[in-house]
Amino acid sequence: MTITNIKAAVARTTGAALTVETLELDELKDNEVKVEMVATGICHTDAIVRDGVYPTPLPAVLGHEGAGVVISVGKTVRNVHVGDHVVLSAAYCGACKQCRAGRMAYCENLFAEDFGGRRRDGSTSLSCCGEPISSHFFGQSSFATHANVVEESVVVIDKDVPLELMGPLGCGLQTGAGAVLNEIKPEAGSSLVVFGVGAVGSAAIMAAKVAGCTTVIAVDIHDARLELALEIGATHAINSSSSDVAEEIKTITDGEGIQYAIDTTAIPAVTKTAAETLGIRGVLVLVGAAAPGTEVPFEVGASLVKGWTFKTVVQGSSIPQEFIPRLVKLWKQGRFPFEKLIKFYSLDDINQGFEDSKKGAVIKPVVRLR
């Protein structure tokens, strides 16, 4: 059955503001569930796709940090049921070598599944007066009141938590926390620095505290973000616009350098600085989304004897159906207080959420959809 009167924020022109429109949502495919959205986070990836840095066919409904309630399920869906409360995460094919090895974040068909704008059969679930609208962004397209979502994107969570808060767990928060808890796995008592403490970096800070890191350094250009970082787990804060970061970290670590560094910015100069702060056998993890073709010049002479490691990490190397419920448990215990990052917007004010995030006025904008 086609449902009409679905409100959605549509990206129609590269770089332009989203427009709130009435769309039609078609009937479910066998591998999909229909979700009534409660809220969805605004992520940096939505902005760079809107701006054409990563390609998705336009017009499109973006949004990939959805949370809502399942109202119907397709014929082949087995692990999701009507009435389930769910968080929506990235899609993956489930059939490639990486997926079958439990490395869903590195799905060989990632771009087709998450950025293709179509189902696998070439259809789109959204339309406007007969015009196809790209759907299934990250398997979901959650900047809408309702969405047909592939089962791989659906994570069932406890019903006793506020759904309006949970959407950002689907991407930004699991990316930052997963980079620490799934990929780095720092030892208790170790040191870690995070460059860029937006949503991803803040999640990494909270996860570092969970892991038992005793030196946790936040680096950013916004004092308000640094103040919050100290509140949620950082032991030190450095404003990189007014301080020599490498020298500050050298002082903090008594000249040893940092053991683990996370760069959420993907700005080449920042990534280079992060590498320079590493101590012997240090590890640098890049989680920021850079424009295709971006390169970073690393010095390899004096750093050779350090034996340091550089990694790129996607989606926190997470299995969403396993990792997101773990983060919910940590939130319940007060050990992952991500609600402190969130500011709510209406769907009509979604563009203001994008702008506030860009200016650093808010860390995680979340759009309420009912």
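Here the structure is a predicted model, which means the values were calculated and not measured.
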Would you check if the side chain of S202 reaches a backbone N or O of V197 as a donor-acceptor pair within less than 3.5 Å?
yes
Assess whether atom NZ of K358 is packed by more than 12 heavy atoms of other residues, nucleotides or ligands within 6.0 Å.
no
Does E187 have more than 12 heavy atoms from other residues, nucleotides or ligands lying within 6.0 Å of its CD?
yes
Given 3.5 Å as the limit, does a donor-acceptor pair link the side chain of S141 with the main chain of L62, or not?
no
Please confirm whether the backbone N or O of G66 pairs with a side-chain atom of Q140, one donor and one acceptor, at under 3.5 Å?
yes
May I have the step-by-step check of side chain to side chain donor-acceptor pair (under 3.5 Å) for S346 and R368, ending in yes or no?
CA-CA 5 Å; S346 69; R368 285 191 176 109; over 6 Å; no
Could you walk me through whether M206 and V216 pass the side chain to side chain contact (heavy atoms under 4.5 Å, CB included) test, one step at a time?
CA-CA 9 Å; M206 291 184 282; V216 182; over 6 Å; no
Spell out, yes or no, whether V313 and Y92 are grouped together once hydrophobic residues are joined by side-chain heavy atoms under 4.5 Å, including indirect joins.
no
Where the side chain of S153 meets the backbone of F138, is there a donor-acceptor pair that is under 3.5 Å apart?
yes
Give a yes or no on whether a salt bridge exists between E322 and R326, defined as a side-chain N under 4.0 angstrom from a carboxylate O.
yes
Classify the ring geometry between F338 and W331 as parallel (under 30°), tilted (30 to 60°) or perpendicular (over 60°).
tilted
Between V49 and F111, is there a shared hydrophobic cluster once you connect ILVMFWY residues whose side-chain heavy atoms come closer than 4.5 Å?
yes
For atom NZ of K340, is the number of surrounding heavy atoms from other residues, nucleotides or ligands below 6.0 Å larger than 12?
yes
So, taking the atom named CD1 in I221 and the one named CD1 in I238, what distance separates them when rounded to the nearest 0.5 Å?
14.5 Å
Is there side-chain contact between F310 and L286, with at least one heavy-atom pair below 4.5 Å?
yes
Let me know which of R120, E152, E108 forms a side chain to side chain contact (heavy atoms under 4.5 Å, CB included) with C93.
R120
Note, V87 side chain near V328 side chain (heavy atom, < 4.5 Å):
no
Over all atoms of both residues, closest heavy-atom pair of G257 and S191
O-OG, 4.4 Å
T277 and A246 have their tightest heavy-atom pair at CG2-CA, 4.1 Å
Can you tell me if D121 and S123 form a side-chain donor-acceptor pair at under 3.5 Å?
yes
Answer with yes or no whether the hydrophobic clustering places L192 together with L278; edges join I, L, V, M, F, W, Y residues whose side-chain heavy atoms lie under 4.5 Å apart.
no
K29 and N148, any side-chain heavy atoms less than 4.5 Å apart
no
Flag, side chain of K364 to backbone of I42, donor-acceptor distance under 3.5 Å:
yes
Quick one: do K332 and D160 satisfy side chain to side chain contact (heavy atoms under 4.5 Å, CB included)? Show the steps, please.
CA-CA 10 Å; K332 284 183 175 183; D160 61 349; 3.0 Å; yes
For residues T251 and H236, determine if any side-chain heavy atom of one lies less than 4.5 Å from a side-chain heavy atom of the other.
no
If you compare all heavy atoms of P132 against all heavy atoms of P59, which two are closest, and at what distance to 0.1 Å?
O-CG, 4.1 Å
With a 3.5 Å distance limit and no angle check, can you tell me whether Q174 reaches the backbone of G316 through a side-chain donor-acceptor pair?
no
Would you kindly say whether S317 and E183 are connected by a side-chain donor-acceptor distance under 3.5 Å?
yes
Is there a side-chain contact between P168 and V366 in this structure, where contact means two heavy atoms from C-beta onward sitting under 4.5 Å apart?
yes
Run through T264, V314, T45, V200 and flag the one making a side chain to side chain contact (heavy atoms under 4.5 Å, CB included) with T175.
V200
Whether D46 side chain and C43 backbone form a donor-acceptor pair below 3.5 Å:
yes
Please evaluate residues I267 and F195 with respect to the criterion side chain to side chain contact (heavy atoms under 4.5 Å, CB included), reporting the C-alpha separation (whole Å), side-chain torsions for both, the decisive distance (0.1 Å), and the verdict.
CA-CA 10 Å; I267 299 171; F195 288 82; over 6 Å; no
Where do F137 and F143 land on the ring pair (Phe, Tyr, Trp, His ring centres under 6.0 Å) test, with the steps shown first?
CA-CA 10 Å; F137 183 65; F143 286 163; 8.2 Å; no
What heavy-atom pair brings T13 and L58 nearest, and what distance separates the two atoms?
C-CD1, 3.9 Å
Looking only at heavy atoms, what is the nearest atom pair of Y54 and P292, with distance?
CE1-CD, 4.0 Å
With rounding to the nearest 0.5 Å, note down the distance linking OG in S142 to CD in E65.
7.5 Å
Looking at CG of L23 and NE2 of H146, how far apart are the two atoms once the value is rounded to the nearest 0.5 Å?
12.5 Å
Start with the C-alpha gap between V219 and E248, add the side-chain angles, then the distance that decides, and say whether side chain to side chain contact (heavy atoms under 4.5 Å, CB included) holds.
CA-CA 10 Å; V219 180; E248 290 279 350; over 6 Å; no
Look only at the side chain of T145 and the backbone of L369, and say whether a donor-acceptor pair between them is shorter than 3.5 Å.
no
Quick one, I262 and I184 - any side-chain contact, counting heavy atoms below 4.5 Å?
yes
In terms of hydrophobic clusters joined by side-chain contacts under 4.5 Å, are I48 and V362 together?
no
More than 12 non-hydrogen atoms from neighbouring residues, nucleotides or ligands closer than 6.0 Å to CD on E295, yes or no?
no
Say you draw a straight line from NZ of K329 to CZ of R335; how long is it, rounded to the nearest 0.5 Å?
12.0 Å
Are any non-hydrogen side-chain atoms of Q315 and M104 less than 4.5 angstrom apart?
no
If you group Ile, Leu, Val, Met, Phe, Trp and Tyr by side-chain heavy-atom gaps below 4.5 Å, do I232 and V193 land in one group?
no
Among side-chain atoms of T235 and T215, is any donor-acceptor pair under 3.5 angstrom?
no
Drop me the distance from D356's CG to I363's CD1, to the nearest 0.5 angstrom.
12.5 Å
How long is the gap from CG on L163 to CZ on R370, to the nearest 0.5 Å?
7.5 Å
Just by modelled atom types, is the G279 backbone N or O under 3.5 Å from a matching donor or acceptor in the E256 side chain?
no
Any carboxylate oxygen within less than 4.0 angstrom of a Lys/Arg side-chain nitrogen, looking at D348 and K7?
yes
I need the minimum non-hydrogen distance between S134 and P57, along with the two atoms involved.
OG-O, 2.7 Å
Treating N351 as the side-chain partner and L18 as the backbone partner, does any N or O pair qualify as donor plus acceptor under 3.5 Å?
yes
Out of the candidates V155, L88, L169, only one should pair with P320 under the side chain to side chain contact (heavy atoms under 4.5 Å, CB included) rule; please name it.
V155
Would one find more than 12 heavy atoms of other residues, nucleotides or ligands at under 6.0 Å from atom NZ of K306?
yes
Measure the shortest side-chain to side-chain distance between E113 and V150 over non-hydrogen atoms and say whether it is less than 4.5 angstrom.
no
